[in-house]
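By convention here, the first residue in the shown sequence is residue 1.
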Amino acid sequence: MAGKISRFAKRPVVGWREYVKLPQLGIGKFVAKIDTGARSAALHAENIKISGRGQRKTVKFIVTINGRDHHCQLPLIGEKRVKNSSGVSELRAVVETEIQLGKRRITAEMTLTNRTDMGVPMLLGRATVRDHFLVHPGRSFLISAPKTAKKPRP
C-alpha cells in the first residue's frame with residue numbers, strides 16, 4: 001500500500017474547476033470543469049467540418065472563449081459515440097491536443113461538441129486527469145488561481 005500512497009502523493013491536487021490553456025490552438029486561460037463522472041474530455045466547438053480522406057482527415061472548428069472566436073484545425077483521431085448530459089447518444093469528432101493545467105502540460109484526446117448551455121466550454125473527464133492529477137471535489141482553482149485585483153494603496 002505504501003507504494004500506491006507515494007505514487008499518488010506526487011500528483012498535484014486540482015479542484016473541480018480550474019483554469020486551462022490550449023497552447024497548440026492559441027487559446028488562453030479559461031475555466032474547465034473537472035468531472036470524474038465523465039469518461040472523456042469534451043471541448044465546446046461550433047461549425048465542425050471534417051475533410052480529407054483515409055488517414056489524412058482533418059477537422060476544422062471554431063471555439064469561442066471570452067467572446068473571441070478561435071478558428072482551429074487538427075488531425076481527426078476518430079469519431080466516437082458519446083451520451084451527452086441528457087442521456088442522448090451523439091457521434092462526435094475526436095481530436096488530440098495539449099492542455100495546460102497550472103504548470104503541467106498533458107496531451108489528451110477530446111471530443112468536439114456544442115456545450116453552449118453547459119456553463120463552461122470544456123469538461124475534463126477521468127481518462128484525461130488519470131495518472132496526472134488528484135481531484136478535490138469541494139475546492140476550485142487549486143493550481144490555477146484566478147488573478148486577484150491589486151488593492152489600491154492608501
Side-chain angles (χ1 to χ4, degrees), residues 4 7-8 10-137 139-147:
K4 288 186 178 185
R7 181 178 57 138
F8 291 129
K10 295 177 184 176
R11 296 181 191 166
V13 178
V14 296
W16 72 273
R17 286 181 304 173
E18 292 287 347
Y19 282 101
V20 298
K21 295 178 183 178
L22 302 176
Q24 289 174 307
L25 299 177
I27 300 176
K29 196 171 170 182
F30 65 95
V31 177
K33 179 180 178 183
I34 316 303
D35 184 354
T36 59
R39 185 175 301 130
S40 57
L43 176 64
H44 171 73
E46 298 177 47
N47 297 336
I48 301 166
K49 294 185 171 62
I50 297 171
S51 61
R53 293 179 182 223
Q55 300 295 324
R56 296 181 185 240
K57 287 185 180 177
T58 60
V59 59
K60 291 182 181 180
F61 53 100
I62 298 172
V63 178
T64 304
I65 301 290
N66 301 323
R68 182 173 172 226
D69 288 347
H70 298 270
H71 295 263
C72 306
Q73 180 174 336
L74 288 169
L76 180 70
I77 301 299
E79 292 181 286
K80 183 181 199 179
R81 189 153 296 281
V82 178
K83 282 188 183 176
N84 65 21
S85 60
S86 303
V88 177
S89 181
E90 62 184 10
L91 189 63
R92 297 182 185 175
V94 179
V95 296
E96 185 178 79
T97 192
E98 193 174 64
I99 302 168
Q100 183 174 342
L101 187 61
K103 294 181 180 179
R104 284 215 177 172
R105 289 183 178 211
I106 60 172
T107 300
E109 287 187 3
M110 64 189 71
T111 63
L112 303 176
T113 187
N114 189 325
R115 293 184 49 82
T116 301
D117 298 328
M118 302 309 288
V120 293
M122 180 176 240
L123 178 115
L124 300 177
R126 64 184 176 270
T128 306
V129 297
R130 181 186 297 130
D131 299 327
H132 300 287
F133 304 100
L134 295 177
V135 181
H136 189 310
R139 300 282 306 273
S140 296
F141 309 113
L142 293 177
I143 66 170
S144 63
K147 289 185 179 181

Within-4.5 Å side-chain heavy-atom neighbours: [X] and [Y]:
| X | Y | result |
| --- | --- | --- |
| V120 | F30 | no |
| L134 | H136 | no |
| V59 | I50 | yes |
| E90 | T113 | yes |
| P121 | V63 | no |
| E18 | I143 | yes |

Between atom [atom1] of [X] and atom [atom2] of [Y], what is the distance when rounded to the nearest 0.5 Å?
| X | Y | atom1 | atom2 | value |
| --- | --- | --- | --- | --- |
| I62 | L112 | CD1 | CG | 12.0 Å |
| H71 | F61 | NE2 | CZ | 11.5 Å |
| R104 | S144 | CZ | OG | 14.0 Å |
| R39 | R130 | CZ | CZ | 9.5 Å |
| N66 | I27 | CG | CD1 | 10.5 Å |

What verdict does the side-chain contact (heavy atoms from CB on, under 4.5 Å) test give for L123 and M118, after you've listed the backbone C-alpha separation in whole Å, the side-chain angles of each residue and the deciding distance to 0.1 Å? CA-CA 9 Å; L123 178 115; M118 302 309 288; over 6 Å; no
Carefully, step by step, assess L22 and C72 under the rule side-chain contact (heavy atoms from CB on, under 4.5 Å). CA-CA 11 Å; L22 302 176; C72 306; over 6 Å; no
Of the non-hydrogen atoms in [X] and [Y], which two are nearest, and what is the gap between them?
| X | Y | answer |
| --- | --- | --- |
| L101 | Y19 | CD1-O, 3.5 Å |
| R115 | A42 | CD-O, 4.0 Å |
| G15 | L142 | N-CD1, 3.7 Å |
| S89 | R81 | OG-CG, 2.8 Å |
| T128 | A41 | OG1-CB, 3.4 Å |
| T36 | R126 | O-NH1, 3.2 Å |

Have E46 and H44 got a donor and an acceptor in their side chains that come within less than 3.5 Å?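 Yes, because at least one side-chain N or O of E46 sits under 3.5 Å from a partner of the opposite role on H44.
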Could you go through the side-chain contact (heavy atoms from CB on, under 4.5 Å) check for T58 and L76 one step at a time? CA-CA 5 Å; T58 60; L76 180 70; 5.9 Å; no
Does any N or O in the side chain of [X] come within less than 3.5 Å of the main-chain N or O of [Y], such that one atom is a donor and the other an acceptor?
| X | Y | result |
| --- | --- | --- |
| R92 | V82 | no |
| R11 | F133 | no |
| E109 | T111 | no |
| E96 | T107 | no |

Determine, step by step, whether V13 and R139 satisfy the side-chain contact (heavy atoms from CB on, under 4.5 Å) criterion, reporting the C-alpha distance in whole Å, the side-chain angles of both residues, the deciding distance to 0.1 Å, and the verdict. CA-CA 10 Å; V13 178; R139 300 282 306 273; over 6 Å; no
I106 pairs by side-chain contact (heavy atoms from CB on, under 4.5 Å) with which of E98, H132, Q100?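 For I106, the side-chain contact (heavy atoms from CB on, under 4.5 Å) test succeeds with only one of E98, H132, Q100, which is H132.
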